[in-house]
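As structure tokens, the structure follows; a few thoughts come after it.
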Amino acid sequence: MSKRRVGKMKIEIIRSNRKTMSLEVTKDLNVLVRAPYKMPQEEIERFVEDRSLWIEKSLAKMKKRKEECKTEKKISAEDIKRLAEEAIAVIPDKVAYYAQKLGVTYGRITIRNQKSRWGSCSAKGNLNFNCLLMLAPEAVLDYVIVHELCHRKEMNHSARFWKEVEQVMPDYKERRTWLKTHGGVLIER
């Protein structure tokens, strides 16, 4: 791991046994570049410079999120427990309803307090949901459930996958936008 300056930006380069490069702006406002061991430094710098506009926008978005999080009340362990209990009471019925609409089956449902995901679907059909979804509007909760259940038909985010989501939830894009806009603040709490 090394820290370098590319243009005006300080970036952290993490080299590993990978084939491609990736960029990440962390919640601590650090810019990380993950790169293969053998990638020339000049190519990494070009990669960062080509994406400098994206980096600046992401840094601005992350700064805004940090400010919003300062005004939000932190969630206690007791709150998490209450939200998990509420999720256990609500989510399974919604999953059963939407699974029937989609014509899919599923395995176990698990509720967790996750730091970066709202839900996931394993290859075996087990579903995981973040208890913090109980703080989101019901329409957003429904979107996450439909999203994960559609992975029972398409284990990817291809055009076919989004077509499946849209068949059940024609307004899914608005719900998804709400989650992208406000979800970070919920998870940071």
Side-chain angles (χ1 to χ4, degrees), residues 1-84 87 110-121 128-141 143-145 147-148 151 156-157 161-162 165 172-189:
M1 186 165 35
S2 67
K3 293 189 181 199
R4 298 195 66 115
R5 191 168 283 285
V6 176
K8 296 179 194 174
M9 288 180 272
K10 263 197 303 191
I11 61 165
E12 193 171 324
I13 300 168
I14 302 169
R15 291 183 180 267
S16 63
N17 200 15
R18 58 183 296 140
K19 293 184 186 331
T20 61
M21 284 191 282
S22 71
L23 263 175
E24 178 185 353
V25 174
T26 69
K27 63 183 177 182
D28 300 327
L29 304 176
N30 294 318
V31 179
L32 304 180
V33 177
R34 298 181 198 287
Y37 284 118
K38 294 182 180 183
M39 183 69 61
Q41 185 63 34
E42 304 79 49
E43 200 165 330
I44 295 172
E45 290 176 11
R46 191 170 39 254
F47 178 79
V48 171
E49 285 172 14
D50 289 349
R51 288 154 183 81
S52 60
L53 188 61
W54 178 89
I55 294 169
E56 288 172 21
K57 284 181 181 178
S58 297
L59 282 167
K61 194 161 68 171
M62 212 51 92
K63 283 177 189 172
K64 183 180 177 201
R65 183 187 293 174
K66 265 185 114 157
E67 288 303 312
E68 289 172 351
C69 288
K70 286 179 185 175
T71 62
E72 291 290 328
K73 179 182 163 259
K74 292 289 180 202
I75 297 176
S76 68
E78 190 176 297
D79 292 333
I80 295 293
K81 186 178 179 202
R82 182 185 50 76
L83 289 169
T110 305
I111 307 297
R112 294 190 172 111
N113 176 23
Q114 297 170 295
K115 300 292 181 214
S116 62
R117 289 184 168 202
W118 293 108
S120 62
C121 176
N128 294 301
F129 295 101
N130 193 326
C131 68
L132 297 177
L133 281 167
M134 301 316 295
L135 298 172
E138 186 174 10
V140 173
L141 169 61
Y143 159 71
V144 173
I145 290 168
H147 180 113
E148 298 313 330
H151 282 309
N156 54 49
H157 290 110
F161 168 82
W162 291 112
V165 175
Y172 82 89
K173 288 180 183 173
E174 289 119 50
R175 300 171 193 226
R176 185 174 178 223
T177 298
W178 188 97
L179 200 54
K180 284 184 173 185
T181 305
H182 304 286
V185 174
L186 291 181
I187 281 189
E188 295 294 319
R189 290 177 64 187

4.5 Å side-chain heavy-atom contact, Lys180 and Arg176: yes
Once the angle between the rings of Tyr143 and Tyr172 is folded into 0 to 90°, is it parallel (under 30°), tilted (30 to 60°) or perpendicular (over 60°)? parallel
My understanding is that only residues two or more places apart in sequence, or in another chain, count here; which of them pass side chain to side chain contact (heavy atoms under 4.5 Å, CB included) with Trp54? Leu23, Val25, Ser58
Scanning both residues in full, the closest heavy-atom pair of Ala136 with Trp178 reads CB-CZ3, 3.8 Å
Test your reading of the model: is there a side-chain donor-acceptor pair from Arg82 to the backbone of Glu78, 3.5 Å cut-off? no
Would you check if Pro36 and Met21 make a side-chain contact, meaning some heavy-atom pair closer than 4.5 Å? yes
Over 12 non-hydrogen atoms of neighbours within 6.0 angstrom of CG in Asn17: no
Could you tell me if the side chain of Val31 sits less than 4.5 Å from the side chain of Val48, heavy atoms only? no
Once you measure the plane-to-plane angle for His147 and Trp162, does it fall in the parallel (<30°), tilted (30-60°) or perpendicular (>60°) bin? perpendicular
Nearest-0.5 Å distance that lies between atom CE in Met62 and atom CD1 in Ile55: 12.5 Å
Counting only heavy atoms from other residues, nucleotides and ligands, does the tally under 6.0 Å from CZ of Arg18 exceed 12? yes
State, with a plain yes or no, whether a side-chain heavy atom of Thr177 is found less than 4.5 Å away from one of Glu174. no
Asp50: what forms a side chain to side chain contact (heavy atoms under 4.5 Å, CB included) with it, not counting sequence neighbours? Arg46
Could you measure the distance from the CG atom of Asn130 to the CG atom of Leu83? Nearest 0.5 Å is fine. 9.5 Å
Answer yes or no: is there a side-chain heavy-atom contact under 4.5 Å between His151 and His157? yes
Working to the nearest 0.5 Å, report the span between CD1 of Ile11 and CD of Glu45. 7.0 Å
Rounded to the nearest 0.5 Å, the OG1 atom of Thr20 sits from the CE atom of Met39 at a distance of 8.0 Å
For Glu24, check side chain to side chain contact (heavy atoms under 4.5 Å, CB included) against everything at least two apart and list the hits. Thr26, Leu32, Arg34
Between CD of Glu49 and CD1 of Ile44, what distance do you get to the nearest 0.5 Å? 12.0 Å
Could you tell me the separation between the CH2 atom of Trp118 and the SG atom of Cys131, rounded to the nearest 0.5 Å? 9.0 Å
